[in-house]
Participant: 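Right, I'll just put the structure down here and ask away after.
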Amino acid sequence: MSSKRTARKALKDVAPKGVAWSALGLTLAALTGCGELRYTRILVQRPPASAAVELLVPGLNLQQCIDLLGAPNLVQQLANDDPETGYLCSWIWFKDAGYSVQVSSPIDSGPSASITYASSQQRVPSLQLQFDYQDNLLRFERAYLQPEGLGADIDRIVIGDDD
Amino acid sequence: MSYARPMTKPRPVPACASAALLGLLLLPACFFARTRVNEPVEAAREVNLPPGTPAAEVVAILGAPQQVVEIGNRSAYRYEYAQTKRAGLSLIVLTMINEDTRTDRVWAFFDEEDRLTHLATSFESDGTRYKLPFQRVE
């Protein structure tokens with residue numbers, strides 16, 4: 001009989017099956033202090049109904065667009081130097097899901113370490129409608145915004161043709 | 001004469017009892033939380049604000065806006081109430097969290113003389129749900 005098999009048999013004699021499972025459980029419980037696998041799903045708002053978006057055509061007025069889509073999330077003037085310039089209404093929603101892994105060392109004295117890995121996309125989809133100063137819809141499009149730019153930098157929002 | 005009890009085979013635990021016990025053990029691992037930002041804009045639901053209403057009257061009814069946006073010589077006031085519901089399940093080293101945020105939004109558009117031209121309302125915060133990440137949301 002090999003020494004490995006002898007050792008296994010000896011361990012089996014002194015430690016029944018339940019003890020092995022308990023040891024595994026205790027090890028996992030101890031790990032909770034220094035490691036975590038997290039799965040997070042974030043939902044913010046919902047996209048406008050496709051049926052409503054299909055009814056959008058340039059020339060509709062603001063009231064008609066509000067009746068179709070409801071209240072926007074953002075309203076922004078397009079240029080500060082010309083008061084007659086139109087404005088932009090944006091409907092914004094966000095859905096993201098991703099894993100993050102965190103491993104850290106909970107040592108009070110001495111060196112401590114923490115490693116975090118996360119997978120998620122940081123693009124915010126939106127539906128943007130551009131109106132002229134007479135509240136007529138000029139164009140609309142779906143576009144992605146950067147979260148840090150929301151409401152702060154309208155120059156980064158590029159309006160394309162509705163087709 | 002022997003007083004020793006006869007050896008009896010232990011009775012197996014019923015499966016439903018085991019499942020119930022496991023369920024009870026998992027319960028402390030669940031958590032729920034709700035966050036609200038601002039007060040609900042209930043007045044916008046209850047009061048009729050027709051076009052032509054002065055901005056001062058709109059503010060008296062709806063309160064101070066969260067944001068005022070200039071649109072040329074006109075303006076738009078934003079009112080928003082947000083509700084977030086979080087549900088999570090934590091199992092030893094694995095944690096699953098779902099976060100759902102929806103808002104009630106009111107935009108009041110005013111002309112050059114600060115009279116209401118359009119009132120846009122969306123009340124969606126009631127649709128926020130406690131769900132776990134693997135549960136379907138509509």
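Chain letters run A, B, ... following the sequence lines, proteins first, then strands; residues in each count from 1. For the numbers below, each heavy atom of this structure counts, side chains included, while hydrogens, waters and symmetry mates do not.
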Participant: Between chain A and each of B:Ala120, B:Ser125, B:Ala82, count heavy-atom pairs under 4.5 Å; write down the option with the most.
Facilitator: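 Most pairs with chain A among the choices: B:Ala120.
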Participant: Measuring heavy-atom distances to chain B, does A:Asp67 have an atom under 4.5 Å in its side chain, in its backbone, in both, or in neither?
Facilitator: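 A:Asp67 has no heavy atom closer than 4.5 Å to chain B.
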Participant: Contact part of B:Arg105 toward chain A, heavy-atom cut-off under 4.5 Å: side chain, backbone, both or neither?
Facilitator: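 Both parts, backbone and side chain.
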Participant: To check you understand the geometry: which heavy-atom pair defines the closest contact between B:Ile71 and A:Tyr133, and what is its length?
Facilitator: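 So the minimum-distance heavy-atom pair works out to O-CE1, 3.4 Å.
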Participant: Counting only heavy atoms not in B:Glu39, do more than 12 sit closer than 6.0 Å to its CD atom?
Facilitator: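 No, CD of B:Glu39 has 12 or fewer neighbouring heavy atoms, counting only those of other groups under 6.0 Å.
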Participant: Taking all atoms of both residues into account, what is the closest heavy-atom pair of B:Leu132 and A:Arg41, and its distance?
Facilitator: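 Answer, listing the atom of B:Leu132 first, then A:Arg41: O-NH2, 3.2 Å.
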Participant: Please rank B:Ile97, B:Val137, B:Val106 by heavy-atom pairs under 4.5 Å with chain A and give me the top one.
Facilitator: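 Winner by heavy-atom pair count: B:Ile97.
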Participant: Rounded at 0.5 Å granularity, tell me how far OG1 in B:Thr117 sits from CG in A:Leu62.
Facilitator: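 Rounded to the nearest 0.5 Å, the OG1-CG separation comes out at 7.0 Å.
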Participant: What heavy-atom pair brings A:Pro72 and B:Trp107 nearest, and what distance separates the two atoms?
Facilitator: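 For A:Pro72 and B:Trp107, the tightest heavy-atom pair comes out as O-NE1, 2.8 Å.
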Participant: Any salt bridge linking B:Arg74 with A:Asp135? Criterion: basic side-chain nitrogen under 4.0 Å from a carboxylate oxygen.
Facilitator: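 Here B:Arg74 pairs with A:Asp135 in a salt bridge, since their nearest N and O are under 4.0 Å apart.
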Participant: Closest approach of B:Phe109 and A:Val75, non-hydrogen atoms and distance?
Facilitator: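 Minimum heavy-atom contact is CZ-CG2, 4.0 Å.
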Participant: Give the cluster check for A:Tyr87 versus B:Tyr77: same hydrophobic cluster or not, with ILVMFWY residues linked at side-chain heavy-atom distances below 4.5 Å.
Facilitator: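 Result: no, two separate clusters.
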Participant: Applying a strict under-4.5 Å side-chain criterion to I, L, V, M, F, W and Y, I'd like to know whether A:Leu74 and B:Leu119 cluster together.
Facilitator: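 No, it is not one cluster - the side chains of A:Leu74 and B:Leu119 are not joined through contacts under 4.5 Å.
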Participant: Are any side-chain N or O atoms of B:Glu70 and backbone N or O atoms of A:Gln77, one a donor and one an acceptor, separated by less than 3.5 Å?
Facilitator: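 No, B:Glu70 side chain to A:Gln77 backbone: no donor-acceptor pair under 3.5 Å.
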Participant: With a 4.5 Å cut-off on side-chain heavy-atom distances among I, L, V, M, F, W and Y, is there a chain of contacts connecting B:Phe123 to A:Ile92?
Facilitator: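 No; tracing contacts between hydrophobic side chains, which count when under 4.5 Å, never links both residues.
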Participant: With only heavy atoms counted, which part of B:Thr103 is less than 4.5 Å from chain A, the side chain, the backbone, both or neither?
Facilitator: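 It is both, since atoms from each part get that close.
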Participant: What I'd like to find out is whether the side chain of A:Leu43 reaches to under 4.5 Å of the side chain of B:Glu99, using heavy atoms alone.
Facilitator: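 Counting from C-beta outward, A:Leu43 and B:Glu99 never come under 4.5 Å.
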Participant: Do B:Met96 and A:Arg38 make a side-chain contact, defined as non-hydrogen atoms from C-beta onward lying under 4.5 Å apart?
Facilitator: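 No; the side chains remain at least 4.5 Å from each other.
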Participant: Would a distance-only check, ignoring hydrogens and angles, find a side-chain to backbone donor-acceptor pair under 3.5 Å from B:Ser122 to A:Ala71?
Facilitator: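 Between the backbone of A:Ala71 and the side chain of B:Ser122 there is a qualifying donor-acceptor contact (under 3.5 Å).
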Participant: Are B:Tyr130 and B:Phe134 grouped together when hydrophobic residues (ILVMFWY) are joined by side-chain heavy atoms under 4.5 angstrom apart?
Facilitator: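 No: no chain of side-chain contacts under 4.5 Å links B:Tyr130 to B:Phe134.
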Participant: Transitively linked via ILVMFWY side-chain contacts under 4.5 Å: A:Leu129 with A:Trp93?
Facilitator: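 A:Leu129 clusters together with A:Trp93.
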Participant: Under 4.5 Å from any heavy atom of chain B, what part of A:Leu37 do you find: side chain, backbone, both or neither?
Facilitator: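 Both backbone and side chain.
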Participant: Heavy-atom distances under 4.5 Å only: say whether B:Gln83 touches chain A with side chain, backbone, both or neither.
Facilitator: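 Nothing of B:Gln83, per the 4.5 Å heavy-atom cut-off to chain A.
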Participant: Might you point out which heavy atoms bring A:Arg46 and B:Thr101 nearest each other, and give the distance in Å?
Facilitator: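 Closest approach of A:Arg46 to B:Thr101, heavy atoms only: NH1-O, 4.5 Å.
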